[in-house]
Amino acid sequence: MALVNHTTREINAKIVYYGPGLSGKTSNIHFIYHRISPNQRGKLISLATETDRTLFFDFLPVELGTIKNYKVRFHLYTVPGQVFYNATRKLVLKGADGVIFVADSQRTMLDADLESFANLHDNFAEMNIDLTDFPIVLQYNKRDLPDVMTLEEMNAGLNTLNVPYYGAIASKGDGVLRTFAAISKRVLEDMQKNPERHNFSAGDIVAKTEGERQEAPSPRVRVPEPEPALPDAPLVESKPAMAELEKTVEKGVKVELGKTFMENGQIVLPFDLLLQSAKEQYQLRVTINTDAPAAKRFKVMVKGFK
């Protein structure tokens with residue numbers, strides 16, 4: 001249920017990561033937090049148990065630019081995976097504008113995936129929300145583990161709504177931003193198609209815009225006409241902004257660090273630079289000369305490998 005502030009021209013939308021325990025919901029949010037620039041993110045709040053399960057929710061406000069002069073900010077939450085925290089699930093789910101269902105791809109976890117997805121249906125039904133007409137995407141996580149189901153097998157069991165789905169390895173960031181970009185698109189599209197579902201109406205914004213026009217200076221002074229808010233704007237108007245969203249979440253450098261070791265008196269840190277089309281391997285080498293002055297004691301070089 002989006003919150004619109006006409007004074008600050010800001011739209012706040014809520015996206016909930018849903019799924020069974022340890023499926024990778026929190027890993028998704030942690031990766032997004034560390035990938036998005038600091039001026040586009042808020043404080044990450046994580047409440048977890050000793051077994052690394054989110055007890056209540058994670059919360060991460062992510063600012064993603066403007067649409068029709070309204071600043072759009074997504075608030076990301078996760079629900080606890082354990083079934084005995086269903087009351088908390090309902091509390092976190094209330095007012096959601098979109099859902100990412102994170103499923104565990106391991107064959108042995110299919111029953112847990114199905115149980116959690118059925119629970120999502122039930123909790124939404126109690127709120128009189130029909131999932132067949134609601135912004136939702138599926139993420140099939142943990143694709144790097146042994147004995148995982150194929151995407152076709154997972155779709156046959158889970159994707160009864162025929163919604164977009166993405167394979168992912170959230171612990172490494174694979175597929176995380178693609179899934180997030182997909183739900184962002186669907187939420188923004190739904191805001192225009194069904195504004196009343198998101199706690200604001202086209203009529204409300206039209207009235208606000210008309211009020212601004214009435215308070216405008218004399219007609220003798222040419223004043224730019226206020227732009228309509230998001231729900232009144234045709235979808236095509238938001239496409240440039242959505243293209244920028246995809247660029248924002250897709251750009252960046254992935255780095256996988258190896259294990260540090262000593263070789264010929266040097267500290268060596270191997271790392272892989274992961275690009276869209278290739279993987280490049282490098283070593284960061286640090287030479288230490290204790291006889292040199294402090295400012296010249298360390299010599300750093302990067303060595304590349306084909």
Side-chain angles (χ1 to χ4, degrees), residues 1-18 24-48 54 57-79 92 95-100 102 135-137 139 141 164 166 168-192 198-200 227 229-231 233 235 237-256 273-276:
M1 191 175 292
L3 299 176
V4 181
N5 187 321
H6 296 292
T7 303
T8 60
R9 299 186 73 86
E10 184 176 88
I11 299 173
N12 291 272
K14 179 179 182 180
I15 293 177
V16 175
Y17 285 77
Y18 209 95
K25 301 180 293 295
T26 300
S27 296
N28 272 269
I29 284 190
H30 274 280
F31 183 82
I32 293 172
Y33 179 81
H34 291 292
R35 176 55 60 89
I36 289 180
S37 62
N39 63 346
Q40 288 184 298
R41 73 190 187 204
K43 185 177 180 181
L44 177 63
I45 301 173
S46 182
L47 304 176
T54 306
F57 57 82
D58 297 313
F59 173 73
L60 168 63
V62 179
E63 190 175 308
L64 291 172
T66 60
I67 292 181
K68 302 305 290 181
N69 285 341
Y70 271 69
K71 183 183 297 182
V72 181
R73 181 174 293 141
F74 287 100
H75 299 262
L76 311 185
Y77 290 78
T78 71
V79 298
V92 176
D97 296 287
V99 168
I100 295 176
V102 183
I136 182 172
V137 300
Q139 183 188 91
N141 192 28
Y166 301 90
I169 307 173
S171 60
K172 297 181 179 179
D174 295 352
V176 171
L177 298 178
R178 189 172 298 277
T179 308
F180 178 49
I183 193 60
S184 301
K185 275 187 178 182
R186 291 176 71 85
V187 167
L188 291 172
E189 291 170 355
D190 196 66
M191 283 181 176
Q192 296 178 86
H198 302 276
N199 201 33
F200 57 87
E227 290 186 334
L230 179 63
L235 182 58
E237 295 292 337
S238 70
K239 288 185 177 179
M242 290 312 305
E244 288 303 315
L245 165 64
E246 288 189 321
K247 291 179 183 178
T248 298
V249 300
E250 288 294 345
K251 70 182 180 180
V253 177
K254 291 184 181 179
V255 177
E256 287 187 354
L273 184 64
L274 306 180
L275 307 175
Q276 289 186 348

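- Here the shortest heavy-atom pairing between A170 and G24 reads CB-O, 4.0 Å.
- The shortest side-chain heavy-atom distance between D97 and P135 does not fall under the 4.5 Å cut-off.
- Residues satisfying the salt bridge (charged side-chain N to carboxylate O under 4.0 Å, His left out) criterion with R41, sequence neighbours excluded, are absent altogether.
- Atom NE2 of H75 sits about 9.5 Å away from atom CD of E63, to the nearest 0.5 Å.
- Between the side chain of K25 and the backbone N or O of V16 there is no donor-acceptor pair closer than 3.5 Å.
- In this structure, N28 and I100 have side chains that are not in contact, with every pair of non-hydrogen atoms separated by 4.5 Å or more.
- What you find for Q139 and G175 is that their closest heavy atoms are NE2-O, 3.9 Å.
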task: Determine, step by step, whether I15 and F180 satisfy the side chain to side chain contact (heavy atoms under 4.5 Å, CB included) criterion, reporting the C-alpha distance in whole Å, the side-chain angles of both residues, the deciding distance to 0.1 Å, and the verdict.
output: CA-CA 9 Å; I15 293 177; F180 178 49; 4.1 Å; yes
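- Here the side chains of I183 and F74 are not in contact, with every heavy-atom distance at 4.5 Å or above.
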task: Any chance you could lay out the side chain to side chain contact (heavy atoms under 4.5 Å, CB included) test for I136 and Y18, step after step, and finish with the verdict?
output: CA-CA 10 Å; I136 182 172; Y18 209 95; over 6 Å; no
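- A pairwise comparison of heavy atoms in V187 and A13 identifies CG1-CB, 4.3 Å as the closest pair.
- For the side chain to side chain contact (heavy atoms under 4.5 Å, CB included) test, residues two or more places apart in sequence or in another chain that qualify with Y166 are P164, R178, T179, A182.
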- request: Carefully, step by step, assess Y17 and T26 under the rule side chain to side chain contact (heavy atoms under 4.5 Å, CB included).
  value: CA-CA 8 Å; Y17 285 77; T26 300; over 6 Å; no
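- Taking every heavy atom of both residues into account, V92 and K14 meet most closely at O-NZ, 2.6 Å.
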query: Should T8 and K71 be marked as a side chain to side chain contact (heavy atoms under 4.5 Å, CB included) after you check the CA-CA gap, both sets of side-chain angles, and the distance that decides it?
result: CA-CA 8 Å; T8 60; K71 183 183 297 182; over 6 Å; no
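- Minimum heavy-atom separation, Y77 to I29: C-CD1, 4.0 Å.
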